[in-house]
Amino acid sequence: MIQHAWNLTPQEAVQLQKKLAEKVRVEPLDVENVRLVAGCDISFSAHASAEAPVFAGIVVLERPQLTLKERVGVRTVASFPYIPGLLSFRESPPLLEAWARLSTHPDVLIADGQGLAHPRRFGIACHLGLLLNMPSIGVAKSLLVGHHEAVPNDVGAWQPVVDRGEVVGAALRLKQNVAPIYVSVGHRVDLMSAIRLVLQCRGLTRLPEPTRQAHLYVNALRRGEIPLD
DNA sequence: GCGACAG
DNA sequence: ATCTTGTCGC
């Protein structure tokens, strides 16, 4: 099991990403046999500070009905600032804490951010997948790197996201007349498998259900509408 | 040096 | 990410 310190300087974090990026595995995933899909997200209290309270949550849905099987949340503090390209050093520790409290065992994890569509090909989806040794997929609402052609206005339509001549992800449309989402490989999956799984996690909104429900959950936690265990 | 920049 | 109500459109 891979493990490393989190109290790093931004410069050290960048070096660590370059080193860990070499360990990411891109391979087909047997999507048809995926039963439990985990979605995770973070919610911060107002005013971004170094010691801001943060709520991290994981929701586990069961395919193909996308039924909620489990959800777990934790309250802690962020110990790393938000720096584009280093998001995972801010959000992963809280998410790993929540993950450790799961009683179910998800087959795949969908992270709220990029996977390989990252300047060093190591977004938060790759980071979490590698540390948890889990198939993982990145689903982001906007692009960090790369470009793509216009995506046809049809559910399921997608266009490759290219960065420095390399296909690093896909702009995928889950709903008509709204912006597409960005799907990229995290760990132990390939792009086609990732796209297929995300499509199977489609609800009626722009974002896939795991991501959407995790978002709603952590926001409810922050507002005190739902108690922590 | 000038922009771009996940959440 | 967060601060925030109503409003236009499918």
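Predicted model, so just to flag it, every value in this text is computed and none were measured. Throughout, a chain's letter reflects where its sequence line sits, starting with A, and its residues are numbered from 1.
Close to C:dA1, at under 4.0 Å from its OP1 or OP2, lies a side-chain N or O of A:K141. Side-chain N/O atoms of A:S43 include one lying less than 4.0 angstrom from OP1 or OP2 on C:dT2. An OP1 or OP2 oxygen of C:dT2 is reached within less than 4.0 angstrom by no side-chain nitrogen or oxygen of A:S45. Proximity of A:N219 to the phosphate of C:dA1: no side-chain N or O atom is located under 4.0 Å from OP1 or OP2.
One can place CG of A:L87 at 6 Å from C1' of B:dA6, the figure rounded to the nearest angstrom. Summarising the geometry, the separation between CD1 on A:I124 and C1' on C:dA1 is reported as 13 Å, rounded to the nearest angstrom. A straight line from CD1 of A:I42 to C1' of B:dA6 spans 13 Å, rounded to a whole angstrom. With rounding to whole Å, A:R206 atom CZ is found 12 Å from B:dA6 atom C1'. If you measure from atom CG of A:D112 to atom C1' of B:dA6, you get 8 Å, rounded to the nearest angstrom. Rounded to whole angstrom, the span from the CZ atom of A:R173 across to the P atom of C:dC10 amounts to 15 Å. Remark: P of B:dA6 and CZ of A:F122 are 18 Å apart, rounded to the nearest angstrom. Atom pair A:F44:CZ and C:dC3:P shows a separation of 13 Å (rounding to whole Å applied).
Both A:R222 and A:N177 lie close to DNA chain C; mapped to their nearest nucleotides by heavy-atom distance, the more 5′-ward contact belongs to A:R222.
Among the protein residues, A:L95 comes within range of no part of the nucleic acid, since none of its heavy atoms lies under 4.0 Å from any strand. Among the heavy atoms of the strands lying under 4.0 Å from A:G85 is at least one base atom, whether or not backbone atoms are also near. In this structure, A:L143 reaches the sugar-phosphate backbone alone: every heavy-atom distance under 4.0 Å involves primed, P, OP1 or OP2 atoms, never a base. A:H147 comes within 4.0 angstrom of nothing in the nucleic acid, heavy atoms only.
Rounding to the nearest 0.5 angstrom, the gap separating the CZ atom in A:R202 from the CG atom in A:L172 is 10.0 Å.
A:E62 and A:T67 form no side-chain donor-acceptor contact under 3.5 Å, judged by distance and modelled atom types alone.
Aromatic ring pairs are classed by plane angle as parallel below 30°, tilted from 30° to 60° and perpendicular above 60°; the pair A:H127 and A:F89 is perpendicular.
Shown here is A:E32, whose CD atom has more than 12 heavy atoms of other residues, nucleotides or ligands within 6.0 Å.
Residue ring and base: A:Y82 counts as stacked with B:dG7 (centre distance below 5.5 Å, interplanar angle below 30°).
The backbone N or O of A:N153 sits less than 3.5 Å from a side-chain atom of A:Q176, completing a donor-acceptor pair.
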